[in-house]
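Step one of this worksheet: look at the structure below.
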Amino acid sequence: MRVRFAPSPTGALHIGGARTALYNWLTARHAGATLVLRIEDTDRERSTPANVEQILQALRWLELDWDEGPMFQSQRSERHREALEALLANGHAYRSTATAEDVRAYKAAHGAERGFRGVPEDEGAVRLRVPDPGETVVNDMILGEVRTDHAHLDDPVIARVDGSVLYNFAVAIDDVDAGITHVIRGNDHLSNTPKQLLVIEALGAQAPVYAHLPLLHGPDGRKLSKRHGAASVQELQEAGYLPGAVRNYLALLGWGTEDDTTIMSTDELIARFDIARVSRNPARFDEQKLRWLNGRYVRAMSTAELTRGVEDYTGRPGLGGLVEICQEKMQTLADFWPLAGPVLDGPIDDPAARERWLGPEGRAVLSDVRAALGGPGGFGREQVEEALRAVVERRGVKPKDVFQPLRVALTGTTVSPGIFETVALLGRDETLRRIDAALADGAPAAA
RNA sequence: GCCCCCAUGGUGUAACGGUUAGCACGUCGCCCUUUCAAGGCGGAGGUGAGUGGGUUCGAUUCCCCCUGGGGGUACCA
């Protein structure tokens, strides 16, 4: 079994493409098959080396490797031309000067249900001769048999006047030459498949089996685009998602297990994934669920592992202690700074928080807290908790009436890592310093 | 216009014709509690796009129609 992932470098790798790559990868790894990476760069206008590099980077980030390639479609033009000559010679293709307008005019005159058939000429673009009458059946692992009546097909142009070949011709040849046995790609290619099958047939080659994946849509049900937040793999990375979580989430977009298992390690995914079980309906990309799943991954990681991830993400070393106290509250790596920043760099300015918790009552509480924490003795998490709970006890108030003023004094906000952990991490001197500053003017001074 | 694909709660999905249609995200409420988050518990939410036709003793599950989405219809990929 040989499968392939064949992105065209006309932009970044979108999550739809990432999902296609993943499904190919899972299928290959599951079956012990070979995954070939091919770059379809025959669109000379839009394909750029930068895009190629970006796609490769996205795949590497997702930790999806390949066994052969990357091969570039553009470098195979000689072979394409050779195949083209063969078809011209055996009569399966012919030259024609008919233009797109001619085809349209033909249809307008003869009714849209009859495909265009050109008349062979000595020059012009090359068209494939569609056997008519006839029918082509796509044997699809997901959709079953999809039949196309040749009457509905126009003789497609397979090579431009300048001799360069077109996509539907090039893919067919490349797939055959690479010995691809299973083509797993997006449903947007379904209508192209009969044409490619016809090319393969004209070449007298063996056709692969296909699997057309349902398309992915944005949250509003429309096509995925930049407008709906993270749409490319790179954006996902920048948004602080973990590759493993993204893989897990993407695997579930269009596929599910019989027993409803949701969280699966990559090994489990490989073991359980079955392309034939893939759903036929288009799915929407739901970032909320990705966030949730990512949070599960964050919490399942060892602190050391997460620390590495956070330090990589933020580009700042020595974050271990902070990561440890933030891990429980993070869903993405991007959630780290809002939590850790104020602890590390000093209180931020949040007037609403200050007003609510550092009024006369809050300051009174803070004084008590200061006294409780100011004495000698250990300053570990346990001791801190003990001291703070004693204040709660003594004042006869609810826990949050003590913890919130303190939290605002220390970080400026009402959201932070666990208060005991935060105090312990800050240490006695810094904690007291921040409390004093808050007490001094109600406006926590910057560190 | 024509061709093709799709159709289970807001979202992703499960259930090889017979179940009170399951699970997860989200949402709501409660508990825990250190706000938020996380965790625990519980609720609402689908009669299956149609009050369409057919097959069947029986249809969410099979067929047709209708409707609604989506894709294609390029000398783009």
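Each chain gets a letter, A, B and so on, in the order the sequences are listed, and its residues count up from 1.
Nucleotides G46(B) and C23(B) place their C1' atoms 14 Å apart, quoted to the nearest Å. Of the C1' atoms belonging to G40(B) and U55(B), the separation is 49 Å, rounded to the nearest Å. Separation of the C1' atoms belonging to U60(B) and G22(B) is 13 Å when rounded to the nearest angstrom. Comparing the C1' positions of C75(B) and G69(B) gives a spacing of 32 Å, expressed to the nearest Å. C30(B) sits 36 Å from A49(B) when the C1' atoms are compared, rounded to a whole Å. Taking atom P in both C3(B) and C65(B), one finds a spacing of 12 Å when rounded to whole Å. Nucleotides A14(B) and G68(B) have their P atoms positioned 27 Å apart, rounded to a whole Å. Rounded to a whole angstrom, the distance from the P atom of G48(B) to that of G29(B) is 30 Å.
A 3.5 Å limit on both hydrogen-bonding distances identifies no Watson-Crick or G-U partner for C66(B). Taking a pair to require two hydrogen-bonding distances under 3.5 Å in either a Watson-Crick or a G-U wobble arrangement, G39(B) pairs with C31(B). Pairing partner, C2(B): G72(B), with both Watson-Crick or wobble hydrogen-bond distances short of 3.5 Å. Within the shown strands, nothing qualifies as a pairing partner of U20(B) under the Watson-Crick or G-U definition with both distances less than 3.5 Å.
A donor-acceptor contact under 3.5 Å is not formed by the side chain of R284(A) with the base of U11(B). Checked by distance alone, R381(A) brings a side-chain donor or acceptor within 3.5 Å of a matching partner on the base of U34(B). Judged by distance alone, with hydrogens and angles left aside, D260(A) brings a side-chain donor or acceptor within reach of the base of G22(B), the pair sitting under 3.5 Å.
Nucleotide A77(B) holds its C1' atom 12 Å from the CZ atom of R38(A), rounded to whole Å. The interatomic distance linking E145(A) (CD) with C4(B) (C1') rounds to 15 Å, in whole Å. Taking atom CD1 of I158(A) as the reference point, atom P of A77(B) lies 13 Å away to the nearest angstrom. Atom pair F285(A):CZ and G10(B):C1' shows a separation of 17 Å (rounding to whole Å applied). Per the geometry, NE2 belonging to H152(A) stands 13 Å off C1' belonging to G1(B), to the nearest Å. Separating the CD atom of Q288(A) from the P atom of A37(B) is a distance of 13 Å, rounded to the nearest angstrom. The CD atom of E135(A) sits 15 Å away from the P atom of C3(B) (whole-angstrom rounding). Spacing between atom CZ of R272(A) and atom C1' of C23(B) amounts to 13 Å, rounded to whole angstrom units.
Salt-bridge check for R79(A) with E82(A): passed, with a basic side-chain N closer than 4.0 Å to an acidic carboxylate O. Using a cutoff of 4.0 Å between basic side-chain nitrogens and carboxylate oxygens, R76(A) and D177(A) are scored as salt-bridged. Electrostatic pairing of D335(A) and K329(A) does not count as a salt bridge here, judged by no charged N lying under 4.0 Å from a carboxylate O. Classification of E40(A) and R38(A) as a salt-bridged pair holds, one side-chain N sitting under 4.0 Å from a carboxylate O. Classification of E135(A) and R147(A) as a salt-bridged pair holds, one side-chain N sitting under 4.0 Å from a carboxylate O. With salt bridges taken as basic N to acidic carboxylate O contacts below 4.0 Å, one links D259(A) and R272(A). A salt bridge links R381(A) with E385(A): at least one charged nitrogen is closer than 4.0 Å to a carboxylate oxygen.
Of the candidate nucleotides G22(B), C5(B), C36(B), C5(B) has the atom nearest to the side chain of V146(A). Closest to the side chain of S8(A), from the set C6(B), A77(B), A37(B), is A77(B). For N281(A), the side-chain atoms get nearest to A7(B) when compared with the rest of U11(B), C36(B), A7(B). If you check U35(B), A14(B), G26(B) against the side chain of K400(A), the one that comes closest is U35(B). Proximity note for W292(A) (side chain, C-beta onward) versus U11(B), C25(B), C36(B): the nearest is C25(B). The side chain of Q73(A) approaches A77(B) more closely than any other nucleotide in the set A77(B), U35(B), A24(B).
Between F420(A) and F403(A), the ring planes lie perpendicular to each other; the angle is over 60°, past the 30° to 60° tilted range. Taking the six-membered ring where tryptophan is involved, the planes of F273(A) and W255(A) are tilted, since the angle between them lies from 30° to 60°. Using cut-offs of 30° and 60° on the angle between ring planes, the pair Y249(A) and F285(A) is perpendicular.
R277(A) comes within contact range of the sugar-phosphate backbone alone, with a heavy-atom separation under 4.0 Å but no base atom that close. Among the atoms of the strands shown, none is found under 4.0 Å from any heavy atom of Q327(A). At a threshold of 4.0 angstrom between heavy atoms, the contacts of G254(A) are confined to the sugar-phosphate backbone, with no base atom among them. Residue contacts shown for S416(A) include a base, since a base heavy atom lies under 4.0 Å away. Among the atoms of the strands shown, none is found under 4.0 Å from any heavy atom of Y249(A). Across all strands shown, E328(A) has heavy atoms under 4.0 Å from base atoms, whether or not it also approaches the sugar-phosphate.
Proximity of R299(A) to the phosphate of A38(B): no side-chain N or O atom is located under 4.0 Å from OP1 or OP2. Considering only side-chain N and O atoms, R114(A) lies nowhere under 4.0 angstrom from the phosphate OP1 or OP2 of G1(B).
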**Asked** Quick one: what's the B/S/- string for nucleotides 59-76 of chain B, heavy-atom cutoff under 4.0 Å, read 5' to 3'?
**Response** -----------SBSS-BB

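The residue among E40(A) and L252(A) whose nearest nucleotide of RNA chain B is located toward the 5' end is L252(A). Mapped onto RNA chain B by nearest heavy atom, F403(A) and A283(A) fall at different nucleotides, with A283(A) at the one closer to the 5' end.
Residues V138(A) and L197(A) form a side-chain contact, since some pair of their non-hydrogen atoms from C-beta on lies under 4.5 Å apart.
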